[in-house]
Amino acid sequence: GAVGANSAAGTAIIQGNVSTNGGSVVFNKAAQLVSATPVSTKILASGDTGLSGSITFEKAVVLNNQASSTVTLDTQAAKSGATYTGTGGNILFKDSITSNSISLPQQLILTTTGTTVGGNFAGSVTFGDSTTDYVGTSANPLGALVITGPTYTFLNTSQINLKAPSGNL
C-alpha cells in the first residue's frame, strides 16, 4: 500500500490556517482541526463573481480548539461592501465529526454564503455518505452546529449529538 505524504493513513493536524483564495481543499487523511478558522476557500478580491473553493473531508474529523472551543470552515463568496457577489463553495464531510473531549464540546460553524442576485448561490453542506457516519457522539458531542448560507444541507448520518454547557445549541 501507499505510505508517506500520499497515503490516506495517519491524521492531518491543522494548527494554523489554510487559505486558498478560491481553490478547493481535499483532506484524504483523517483530520484534527485545532485552530479557530483552520480552512478558508473564500475569494478575497472585492466584488469577484467567481466560485469559492470547496472543502472535502474524506475521513473522520476531530474538532479540538482548546483556546475557544469554536471551529469555523469558510467557503463564502467574495463581497463588495456588505453584498456577496460570487458563488459559495460546498463543504462535504464523507465520514464522522466529533469533539476531541466531552469536557470541551466544540462549536462547528460552516459558512457557505453566496450572492442572492438571480437566485441563491450559496454552497451546500453534506454530512456523511453512510448511515454509519455521525455528527458528534454521546461520548464526544459537538457543542453547537451553526450553518450559514447553504442552499441545501444533506444529512446522510445516523445521528447528531450536541451538548452545550449553557445557552443555545
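The nearest pair of heavy atoms linking Glu58 to Asn28 is CG-OD1, 3.5 Å. Of all heavy-atom pairs between Gln15 and Ser35, the closest is O-CB, 3.4 Å. Residues Ala77 and Tyr84 come closest through the heavy atom pair O-CD2, 3.6 Å. Of all heavy-atom pairs spanning Gly143 and Ser99, the tightest one is N-OG, 4.4 Å. Closest heavy-atom contact between Pro105 and Ile102: CD-O, 3.4 Å. The two residues Ser138 and Pro141 come nearest to each other via the heavy atoms O-CD, 3.8 Å.
Distance alone, capped at 3.5 Å, is enough to place a donor-acceptor pair between the Ser52 side chain and the Gln76 backbone. At distances below 3.5 Å, not a single donor-acceptor pair connects side-chain atoms of Asn100 with backbone N or O atoms of Leu63. Proximity of a side-chain donor or acceptor of Asp133 to a complementary backbone N or O of Asp129 within less than 3.5 Å is detected. Looking only at distances, no side-chain donor or acceptor of Asp48 sits under 3.5 Å from a matching main-chain atom of Ala78. A donor-acceptor pair under 3.5 Å is formed between the side chain of Thr75 and the backbone N or O of Thr111. Remark: the backbone N or O of Tyr134 is not paired with any side-chain donor or acceptor of Thr157 at under 3.5 angstrom. Judged purely by atom type and a 3.5 angstrom limit, Ser80 has no side-chain atom pairing as donor or acceptor with the backbone of Gly47.
Looking at residues two or more places apart in sequence or on another chain, you find a side-chain contact (heavy atoms from CB on, under 4.5 Å) between Val117 and Thr115. For Phe154, the side-chain contact (heavy atoms from CB on, under 4.5 Å) test picks out Ser124, Thr126, Tyr152, Asn156, with sequence neighbours left out. Residues forming a side chain to side chain donor-acceptor pair (under 3.5 Å) with Gln106 (at least two apart in sequence, or on another chain): none. For Ala30, the side-chain contact (heavy atoms from CB on, under 4.5 Å) partners are Thr11, Lys59, not counting sequence neighbours. Residues passing the side-chain contact (heavy atoms from CB on, under 4.5 Å) test with Thr83, sequence neighbours excluded: none.
With no hydrogens or angles considered, a side-chain donor-acceptor pair links Asn64 and Gln32 at under 3.5 Å. A donor-acceptor contact under 3.5 angstrom links the side chains of Ser130 and Thr132, judged on distance only.
Remark: Leu73 CG to Ile109 CD1 distance equals 9.5 Å, nearest 0.5 Å. In this structure, Gln107 CD and Ser69 OG are separated by 7.0 Å, a value rounded to the nearest 0.5 Å. Distance CD1/Ile97 to CG/Asn140: 13.0 Å, rounded to 0.5 Å. Here Leu110 contributes atom CG and Ile91 contributes atom CD1; the two are 4.5 Å apart, rounded to the nearest 0.5 Å. For the atom pair OG1 (Thr70) and CG (Leu108), the distance works out to 9.5 Å, reported to the nearest 0.5 Å. Rounding to the nearest 0.5 angstrom, the gap separating the OG atom in Ser24 from the CG atom in Leu92 is 11.0 Å.
The ring pair (Phe, Tyr, Trp, His ring centres under 6.0 Å) analysis of residues 30-49, with sequence neighbours excluded, yields no pairs.
Residues Val39 and Val34 fall into different hydrophobic clusters, defined by Ile, Leu, Val, Met, Phe, Trp and Tyr side chains chained together at heavy-atom separations under 4.5 Å. Under the 4.5 Å side-chain heavy-atom criterion for grouping Ile, Leu, Val, Met, Phe, Trp and Tyr, Val61 is connected to Val25 within one hydrophobic cluster. Leu142 and Val62 are members of different hydrophobic clusters when ILVMFWY side chains are connected at heavy-atom separations under 4.5 Å. Both Val125 and Val71 sit in one connected hydrophobic cluster of ILVMFWY residues. Membership requires side-chain heavy atoms under 4.5 Å apart, directly or through other members. Taken together through direct or relayed side-chain contacts under 4.5 Å among Ile, Leu, Val, Met, Phe, Trp and Tyr, Val18 and Ile43 form parts of separate hydrophobic clusters.
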As a quick check of understanding, evaluate side-chain contact (heavy atoms from CB on, under 4.5 Å) for Asn90 and Thr112, giving each step before the final call.
CA-CA 7 Å; Asn90 300 323; Thr112 64; over 6 Å; no
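Side-chain contact between Leu33 and Phe57: present, with at least one pair of heavy atoms (C-beta onward) separated by less than 4.5 Å. Inter-residue side-chain proximity for Phe121 and Leu51 is flagged as unmet; no heavy-atom pair is nearer than 4.5 Å.
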